[in-house]
Amino acid sequence: MPDRKYPKRPYLLVALTGGFGSGKSTVSAMVAERYPVLNSDLIAAEVIAGSDSVRMQIREAFGGAVFDSSGRLDRTALARVAFADDAHASKLNRIVHPPTIAEIESRAHGVARAGGVVIVESALVYEARLENHFDAVIAVVARQETVLRRAAEAGRFTEHDVLARLARQLAPEEKAARADIVLHNDGTMEELRGATTMALIVLEAIARKHAGA
């Protein structure tokens, strides 16, 4: 793990990321057995729903077409417009990310304990350039053939759907190269649980040392 300059808080705030079909949500459920887990997508949705200012900025940036007839944000329509090109995606990120990060940090402070760890599940940590907001990043990665096989077994997505989603995300190899801890999820559930447990042991040791510094 790189030698990071930790912020002045008595716990570690750790991002858990991973591409489509990597098993990130499975790891998140395992981690939740021991530590608080916050979901950045859910928090972002709550921030948007609860903030007139954020919704107004979204309307000004993307127009009324991304809202339904009742004035509620249509997230599908927004995603279609906002992620049509990098400039639009960056504009949405500038609106939504600051209040979302602030809310994440507020909630983390509320559930953390000294010398502990709070995990934030977030699929697009690197794509959205959010890694510097965290003390460490865990990346869950799986080979493309593994992702395709699991998707076929689940019967929920076609190969075309899976490949299209993967093409819009950072390659697993790059996520792994940039992460502090990498969990390779091409084996069994028992192997994944073992790797997750070891990752938490490492983070626990760093958190205790940091809290006592």
Side-chain angles (χ1 to χ4, degrees), residues 7-84 86-113 116-140 156 165 168-170 175 200 203 207:
K8 298 298 183 182
R9 57 184 170 222
Y11 60 90
L12 293 187
L13 188 63
V14 179
L16 172 64
T17 193
F20 176 78
S22 65
K24 171 178 56 64
S25 296
T26 301
V27 172
S28 179
M30 293 176 179
V31 171
E33 297 171 4
R34 301 177 64 166
Y35 283 111
V37 176
L38 305 176
N39 187 297
S40 66
D41 288 342
L42 295 179
I43 292 175
E46 292 172 11
V47 165
I48 293 171
S51 173
D52 292 338
S53 173
V54 170
R55 291 194 304 277
M56 183 180 299
Q57 291 178 69
I58 291 174
R59 185 180 293 274
E60 290 174 352
F62 301 103
V66 299
F67 292 83
D68 64 20
S69 57
S70 300
R72 290 188 297 266
L73 182 68
D74 184 334
R75 296 184 66 187
T76 301
L78 177 61
R80 186 166 51 247
V81 174
F83 298 110
D86 291 343
H88 284 175
S90 295
K91 186 183 297 184
L92 179 62
N93 289 343
R94 287 194 298 271
I95 295 170
V96 176
H97 284 166
T100 299
I101 288 294
E103 182 64 20
I104 286 172
E105 292 181 344
S106 175
R107 295 190 189 190
H109 184 73
V111 300
R113 60 177 174 79
V117 179
V118 177
I119 302 292
V120 179
E121 182 181 348
S122 180
L124 303 177
V125 170
Y126 293 116
E127 290 86 345
R129 299 177 176 86
L130 297 177
E131 60 266 37
N132 290 334
H133 291 283
F134 300 97
D135 301 319
V137 178
I138 302 172
V140 185
R156 296 171 54 199
R165 286 175 179 244
R168 293 196 296 269
Q169 299 178 347
L170 203 64
K175 279 189 170 73
L200 290 178
L203 291 172

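Just so it is clear, the values below take in all heavy atoms, side chains as well, and ignore hydrogens, waters and symmetry mates.
Annotation: side chain of L13 is in contact with side chain of V120 (closest heavy-atom distance under 4.5 Å). Counting heavy atoms from C-beta on, the side chains of R94 and S90 come closer than 4.5 Å.
Annotation: side-chain hydrogen bond (donor to acceptor under 3.5 Å, both in side chains) contacts involving residues 13-24, sequence neighbours excluded, comprise K24-E121. Each ring-ring contact (aromatic ring centres under 6.0 Å, His included) pair with one or both residues in residues 17-55, not counting sequence neighbours, appears once here: F20-F157.
With a 6.0 Å cutoff to the six-membered ring centre and a 45° limit on the axis angle, R55 does not count as a cation-pi contact of F67.
Counting all heavy atoms, side chain and backbone alike, S40 lies closest to T100 at O-CG2, 4.2 Å. Between D68 and S70, the closest heavy-atom pair is OD1-N, 2.9 Å. The shortest non-hydrogen separation linking V66 to G63 is CG2-O, 3.2 Å.
The CD atom of E103 lies 7.5 Å from the CD atom of E46; values are rounded to the nearest 0.5 Å. The NE2 atom of H88 lies 5.0 Å from the NZ atom of K91; values are rounded to the nearest 0.5 Å. Atoms CG and NZ, on L124 and K175 in that order, are 7.0 Å from each other to the nearest 0.5 Å. Rounding to the nearest 0.5 Å gives a distance of 9.0 Å between CD1 of I104 and CG of N39. Put simply, CG on L130 and CD1 on I101 are 5.0 Å apart, with the number rounded to the nearest 0.5 Å. Taking CG of L16 as the reference point, atom OG of S122 lies at 9.0 Å (rounded to 0.5 Å).
Within 6.0 Å of atom CZ in R129, 12 or fewer heavy atoms from other residues, nucleotides or ligands are found, so the atom counts as exposed in its surroundings.
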Return a table of donor-acceptor pairs under 3.5 angstrom between the side chains of residues 72-80 and protein atoms on other chains or two or more places apart.
{"residue": "D74", "atom": "OD1", "partner": "T76", "partner atom": "N", "Å": "3.1"}
{"residue": "D74", "atom": "OD1", "partner": "A77", "partner atom": "N", "Å": "3.1"}

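The main-chain N or O of L170 is found under 3.5 Å from a side-chain atom of E127 such that the two form a donor-acceptor pair. Remark: side-chain polar atoms of D135 are not paired, donor with acceptor, to backbone N or O of V14 under 3.5 angstrom.
None of V37, L38, V27 except one satisfies the side-chain contact (heavy atoms from CB on, under 4.5 Å) rule with I119; the exception is V37.
Classification of the H109-Y11 ring pair by plane angle, with boundaries at 30° and 60°, yields tilted.
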(request) Begin from the C-alpha positions of V140 and T26 and carry the test side-chain contact (heavy atoms from CB on, under 4.5 Å) through to its verdict. (result) CA-CA 10 Å; V140 185; T26 301; over 6 Å; no
